[in-house]
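Each remark here refers to the structure printed beneath this line.
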There are 2 protein chains.
Amino acid sequence: MPSGGPEIEQLIQLLARLPGLGPRSARRAVLHLIKRKDQLMVPLSAALDRAVVAVKSCEVCGNVDTISPCSICADPRRGESGILIVVEDVADLWALERAGVGQVRYHVLGGVLSPLDGVGPDDLNLEGLIGRAGDYGEVVLAMNATVEGQTTAHYITDRLGGTNLRVTRLAHGVPVGGELDYLDEGTLSQALRARTEI
Amino acid sequence: MPSGGPEIEQLIQLLARLPGLGPRSARRAVLHLIKRKDQLMVPLSAALDRAVVAVKSCEVCGNVDTISPCSICADPRRGESGILIVVEDVADLWALERAGVGQVRYHVLGGVLSPLDGVGPDDLNLEGLIGRAGDYGEVVLAMNATVEGQTTAHYITDRLGGTNLRVTRLAHGVPVGGELDYLDEGTLSQALRARTEI
């Protein structure tokens, strides 16, 4: 055990469980914190304390926020477009918000269907989606372009079938700034099939 | 601004200041924390609170610990070898402890001499070293093999000159597991000059 006492050792072990940090980088992070006690360690400790108390999951959409319904669900302008975007995870919601997709609402599934991992429909926030989808004119299935993501999208499309809802998915194609030479064949052939007039 | 409220945003910004984490990985880390509130976020918050209170810098050697003098300085067996290892940083002390270098004591300089960055002898924990070096039979200068590290080692050697102290440095050579083909010429020529009998 490295010296430093159990308090430091425990901090290292907890930080090492964060994604992107391993035991070595957690040690560096803890030393960084200790050296910047007043500027970083104390504020981080206080911010974590506040977040533990304040952060909750939105009862409507599954987003994380300090209020429930979350600020997006509580904003009436967000409902006017009639667009509900279904995402796997809160990280995807944040990514779409950063992209500035406009006045839309979201629904966070909390995962994807994955029989191999034992994740079935009951493990996802699907009933909530079925219940509220009728309030919107269009449901955009923005799952990841993985097998599980697309399986989940098909399942939701089936469940929403027979209603007047418009169900759409994100376009596949060449990423902005991407080079054709580095793209996989599936993306390239999808991009060609979905070509548009200039 | 991504949704989530100021508490979440502030937590992301503070975590992004840790080495090894940027804005993107800090967001992932915060979501990871929020999803594992009871298993990870609450314990991490408590561990940080405890560390803020408990962690201090050892008044003798500059190590970080929850007691001062630190557990290494307070351990009488550590003094019996008569070996004092001088390191730049607490991270180097931890690395040597992990390597199991034995019953030695340390002295943490808290940096290296670097005129370009405005770091002079007064900015380092040098007087403490001069004061306690006489209590040991040998001082090992374990600075990094950089220009600044070696300059600092020369400076300390000069300052300790005229005493009966044995002043040594770490051996240079081929890293264990290293391949000659990938080593720089300086290391290789040092390794050849310092060759030993098998």
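Just so we're on the same page: letters track the sequence lines, and every chain starts at 1.
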(request) Linking directly or through intermediates, with side-chain heavy atoms under 4.5 Å: list the remaining ILVMFWY members grouped with A:V147, chain and number order. (result) none
(request) Using a strict cut-off of less than 4.0 Å between a Lys/Arg side-chain nitrogen and an Asp/Glu carboxylate oxygen, indicate whether B:D89 and A:K35 qualify as a salt bridge. (result) yes
(message) Quick check on the hydrophobic clustering: are B:L165 and B:I85 connected, directly or via other members, by side-chain heavy-atom contacts under 4.5 Å?
(response) no
(message) Grouping I, L, V, M, F, W and Y whenever their side-chain heavy atoms are under 4.5 Å apart, do B:V64 and B:L96 come out in a common cluster?
(response) yes
(message) Does anything in residues 121-135 of chain B reach chain A? List residues with heavy atoms under 4.5 Å apart, or say none.
(response) none
(message) Any non-hydrogen side-chain atom of A:L11 less than 4.5 Å from a side-chain atom of B:L44?
(response) yes
(request) Tell me whether A:L109 is reachable from A:L141 by hopping between hydrophobic residues (I, L, V, M, F, W, Y) whose side-chain heavy atoms are closer than 4.5 Å. (result) yes
(message) With rounding to the nearest 0.5 angstrom, report the OG1 to CD1 distance, A:T66 to B:I8.
(response) 6.5 Å
(request) Would you mind checking which part of B:L31 comes under 4.5 Å of any heavy atom in chain A, side chain (CB onward), backbone (N, CA, C, O), both or neither? (result) side chain
(request) Could you have a look at A:A47, A:A26, A:S45 and say which one has the most heavy-atom pairs with chain B under 4.5 angstrom? (result) A:S45
(message) Within this structure, what is the CE-CG distance for the pair B:M41 and A:D49, rounded to the nearest 0.5 Å?
(response) 9.5 Å
(request) Kindly compute the distance separating CD (A:E7) from CG (B:L48), expressed to the nearest 0.5 Å. (result) 12.0 Å
(request) Following the transitive rule for hydrophobic clusters with a side-chain heavy-atom cut-off under 4.5 Å over Ile, Leu, Val, Met, Phe, Trp and Tyr, establish whether A:V108 and A:V86 coincide in one cluster. (result) no
(request) Answer with yes or no whether the hydrophobic clustering places B:V60 together with B:I72; edges join I, L, V, M, F, W, Y residues whose side-chain heavy atoms lie under 4.5 Å apart. (result) no
(message) Using heavy-atom distances under 4.5 Å, tell me whether B:K56 contacts chain A through its side chain, its backbone, both, or neither.
(response) neither
(message) To check you understand the geometry: which heavy-atom pair defines the closest contact between A:A29 and B:L18, and what is its length?
(response) O-CD2, 4.0 Å
(message) Side chains of B:R17 and A:Q39 only: does a donor on one sit below 3.5 Å from an acceptor on the other?
(response) no
(request) Please indicate whether A:H172 has more than 12 foreign heavy atoms, meaning atoms of other residues, nucleotides or ligands, lying under 6.0 Å from its NE2. (result) yes
(request) Just give me the residue among B:V42, B:L40, B:L33 that pairs up with chain A most often, heavy atom to heavy atom, under 4.5 Å. (result) B:L40
(message) Nearest 0.5 angstrom please: B:L15 CG to A:L15 CG, how far?
(response) 8.0 Å
(request) Check each atom of B:A51 against the heavy atoms of chain A and say whether the ones under 4.5 Å are side chain, backbone, both or neither. (result) both
(message) Return the OG to CD1 distance between B:S57 and A:I34, rounded to the nearest 0.5 Å.
(response) 9.5 Å
